[in-house]
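These numbers come from the heavy atoms of this one structure, side chains and all, not from hydrogens, waters or symmetry mates.
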Amino acid sequence: MPKDGSPSCTTFVSSDHFLGFQSAMLVLVVRRLVVAGFALWGIATLVFVLLRVLPGDPARTILAASGASEMAIAQARQQMGLDEALPVQYGRYLWNLARGDLGRSLFSNRPVLLTITEQLPFTIELALASLVITVAIGLGLGMVAALYAGSWIDRMAAGIAVLGVSTPLFWSGLLLIWLFSLVLRWLPASGADSWRHLVMPAVLLGCVGAAPLIRLVRSNLLTTLQADYITVARSKGLPETLVLLRHALRNALLPGLNLIGLQAGFLLGGTVVTETVFARPGLGRVVVDAILWKDLPVVQGAVLLVASIYIVVNLAVDLITIVLDPRQRGA
Amino acid sequence: MEPRRCWPRVWCVLRADSRFRAGGCVLCLIIFVAAAAPFVAFHSPTAATPARQFLPPGIEHPAGTDLLGRDVWSRVVWGGRLSLAAGAVAAALTVLPGSLLGLFSGYVGGRVDSFLMRVVDMALAFPTLLLALTIVSVLGPGLTSAALAVGCAGAPRFTRIVRAATLSVRYAPFIEAARTIGCPPGRILLRHIAPFVLDTVIVLASLELGYALLNIGALSFLGLGAQPPAPEWGLMLTEGRAYLGVAPWITAVPGCAITLTVLAVNLLGDALRDALGLQARDQGNGEG
């Protein structure tokens with residue numbers, strides 16, 4: 001309940017119901033935006049702690065492996081601004097981030113932002129395509145499983161779900177390549193030149209991502225179908241499809257929406273493995289290569305970008321939920 | 001508030017559950033084979049005999065040989081030790097600090113709790129695998145750092161859920177009563193709160209082991225976990241990847257090994273969850 005005296009639906013319900021409703025929603029949206037802003041600051045800080053503070057001396061970590069002299073290390077330290085006090089480093093780091101300056105790669109000396117944004121479209125393409133497949137399979141199989149609960153279809157869906165969460169991406173990916181590229185020769189095994197290159201990675205990531213969604217949609221729909229208002233809808237003679245589509249699904253899908261936001265994290269992490277399996281260009285490859293080469297500015301930039309995408313996706317999901325679910329607005 | 005568990009009854013339910021029986025048998029078998037590696041594997045997992053390159057499965061080599069003529073079956077068996085141990089270490093690193101922190105944070109409450117939860121929120125803003133990758137980039141590639149990274153990356157999620165479970169009993173009358181009669185906080189936490197949180201911890205720990213095995217395999221596959229010539233399952237898949245057309249058995253056998261292990265662990269976890277009457281907790285990995 002509002003403590004700060006902001007107009008809410010309870011106070012303005014009679015005079016101007018609509019306005020009260022909207023401003024309550026606005027407060028909620030602004031609050032979510034502020035939380036997302038803090039989350040962005042949080043990941044920036046955590047990355048700073050992990051990559052700059054914990055290793056002790058990043059310059060030494062990076063250069064010692066290549067057998068650089070003490071003087072070269074000292075010089076690199078000065079170049080990277082590591083000889084200054086931590087708070088100063090932290091302040092400069094945040095300031096650079098705010099300006100969109102992610103530094104330069106230690107190897108190619110190109111701006112990190114450029115390196116990342118070149119590769120980003122490939123990853124986004126893969127993530128979006130697999131998200132579509134995740135939603136289609138998750139909703140479809142989950143609904144069918146709930147409607148025919150206890151039947152062989154239901155049991156099959158449960159089996160697919162548990163197989164999906166148990167099979168490592170890198171193994172099922174290799175199986176797909178073996179079958180569709182080497183044996184059947186239908187699809188190319190690697191690269192990202194056409195839609196044919198996208199089919200296997202997207203289907204793979206999409207199917208694995210769908211596994212938890214199948215379970216969630218099934219259990220929610222089962223609970224919803226027992227609700228009183230469904231009985232009412234049925235008893236007034238609505239056709240079963242309408243009952244399902246117009247009444248049951250609406251409520252059953254809200255938690256699913258939330259899960260899709262969380263699955264975005266899985267998909268973003270999964271692209272790293274998938275891109276390696278199918279030798280696709282993308283952010284994931286950039287991160288892995290940068291870690292192997294100890295190219296910390298690139299690791300830092302790519303990690304920050306992926307985490308920011310994750311936060312923005314979840315922000316979007318929250319905002320959509322606020323729009324769709326009246327209960328969220330009243331709170 | 002549910003009454004305390006009657007463990008013999010839980011055991012009865014579990015024994016009747018086919019998922020528990022199947023998962024348990026398979027997992028026991030895998031652990032047994034890995035433990036008995038010197039007696040089950042007839043070749044060295046690392047000794048290379050290039051003359052025997054890419055031999056298909058046969059009597060001498062039940063799962064064939066790889067590029068360097070190493071026996072794939074022996075490598076998978078010995079690799080089981082590495083993969084299972086790394087998975088167990090990572091899961092322990094997630095579960096132990098995660099539960100203790102969650103218990104502590106939920107019990108103490110107040111500013112300490114808010115501070116801890118803000119830190120946890122920061123870590124939860126990362127996809128788990130990405131957080132693990134970031135930690136590996138600090139520690140450097142290797143199986144130990146992969147296990148450490150996967151363990152640490154999972155801990156925040158665990159802390160959140162255990163804290164939520166702690167909060168659900170934190171303000172119960174019997175806790176209040178225990179405090180009133182002068183029970184010290186440590187005793188309240190361990191004797192009165194922990195048993196209620198135990199269900200959640202057991203179920204989540206079993207699922208966590210599955211995630212850990214998958215993520216460590218993934219890191220090794222990416223070249224950031226176990227390093228050659230170690231016979232680790234994820235690494236074996238990378239090594240066999242280039243010869244998928246010539247010698248599919250190099251990838252097929254370790255791939256099946258990981259899948260079977262994780263499947264068994266997940267079946268056990270699902271059966272446990274149902275037997276303990278918990279909600280499906282693996283739905284998403286954010287707020288608990």
Side-chain angles (χ1 to χ4, degrees), chain A residues 38-40 42-43 45-47 50-51 54-55 61 162-163 165-172 174-175 177-178 181-183 189 212-213 215-216 219 255 258-259 261-270 272-273 276-277 284 287-288 290-292 294 296 299-300 303 306-308 310-311 314, chain B residues 19 118-119 121-141 207 210-211 213-215 217-218 220-224 233-234 237-238 240-241 244-245 248 251-252 254-256 258-267 270 279-280 282-287:
Chain A
F38 269 106
L40 285 174
I43 56 163
T45 306
L46 194 65
V47 165
L50 277 175
L51 294 183
L54 288 186
T61 326
V162 76
L163 253 180
V165 292
S166 308
T167 317
L169 274 175
F170 46 92
W171 162 229
S172 33
L174 290 180
L175 273 182
I177 292 182
W178 178 75
S181 300
L182 297 176
V183 176
L213 197 60
R215 292 188 185 188
L216 184 75
S219 67
N258 232 327
L259 182 76
L262 293 171
Q263 280 306 91
F266 167 79
L267 291 179
L268 286 170
V272 179
V273 177
T276 306
V277 173
V287 177
V288 174
I291 294 177
L292 287 170
K294 287 198 180 292
L296 282 190
V299 176
Q300 175 187 302
V303 165
V306 175
S308 316
Y310 184 43
I311 288 177
N314 274 296
Chain B
R19 289 174 301 179
R118 290 298 82 78
V119 176
D121 281 342
M122 275 188 200
L124 283 178
F126 286 89
T128 315
L129 191 61
L130 191 69
L131 189 54
L133 281 172
T134 316
I135 300 176
V136 168
S137 73
V138 177
L139 297 172
L207 296 171
Y211 291 141
L213 285 165
L214 287 180
N215 281 333
S220 291
F221 181 79
L222 294 172
L224 303 173
W233 291 343
L237 282 169
T238 316
R241 186 174 128 206
L244 209 55
T251 45
C256 287
I258 301 190
T259 310
L260 259 183
T261 314
V262 179
L263 189 64
V265 170
N266 280 338
L267 284 176
D270 283 356
Q279 283 286 308
D282 54 336
Q283 303 168 349
N285 36 18
E287 337 283 91

Largest heavy-atom contact set with chain A, pairs under 4.5 Å, which of Val265(B), Leu263(B), Ile258(B): Leu263(B)

Contact origin within Ile311(A) toward chain B - heavy atom pairs under 4.5 Å: side chain

Residue pair Leu46(A), Phe126(B): steps toward the side chain to side chain contact (heavy atoms under 4.5 Å, CB included) verdict: CA-CA 10 Å; Leu46(A) 194 65; Phe126(B) 286 89; 3.5 Å; yes

Donor on one side chain, acceptor on other, Thr259(B) and Trp171(A), under 3.5 Å: yes

Leu130(B) and Tyr310(A): CA distance, side-chain angles, deciding distance, side chain to side chain contact (heavy atoms under 4.5 Å, CB included) verdict: CA-CA 11 Å; Leu130(B) 191 69; Tyr310(A) 184 43; over 6 Å; no

Contact origin within Leu139(B) toward chain A - heavy atom pairs under 4.5 Å: neither

Residue selection (most heavy-atom pairs with chain A, distance under 4.5 Å) from Asn215(B), Leu133(B), Thr238(B): Leu133(B)

Winner by heavy-atom pair count (cut-off under 4.5 Å) against chain A, out of Gly140(B), Gly245(B), Ala252(B): Ala252(B)

Largest heavy-atom contact set with chain B, pairs under 4.5 Å, which of Val272(A), Val299(A), Val183(A): Val272(A)

Region of Ala264(B) in contact with chain A, defined by heavy-atom distances below 4.5 Å: neither

Partner chain A: residue of Leu213(B), Leu131(B), Leu222(B) with the largest heavy-atom pair count (under 4.5 Å): Leu222(B)

Proximal component of Ala132(B), with respect to chain A [non-hydrogen, under 4.5 Å]: neither

Nearest heavy-atom neighbours spanning Val277(A) and Arg241(B): O-NE, 3.9 Å

Which residues share a salt bridge (Lys or Arg N to Asp or Glu O under 4.0 Å) with Arg19(B), sequence neighbours left out: Asp17(B), Asp274(B)

Heavy-atom pair count under 4.5 Å with chain B, highest-scoring of Leu169(A), Thr167(A), Ile43(A): Ile43(A)

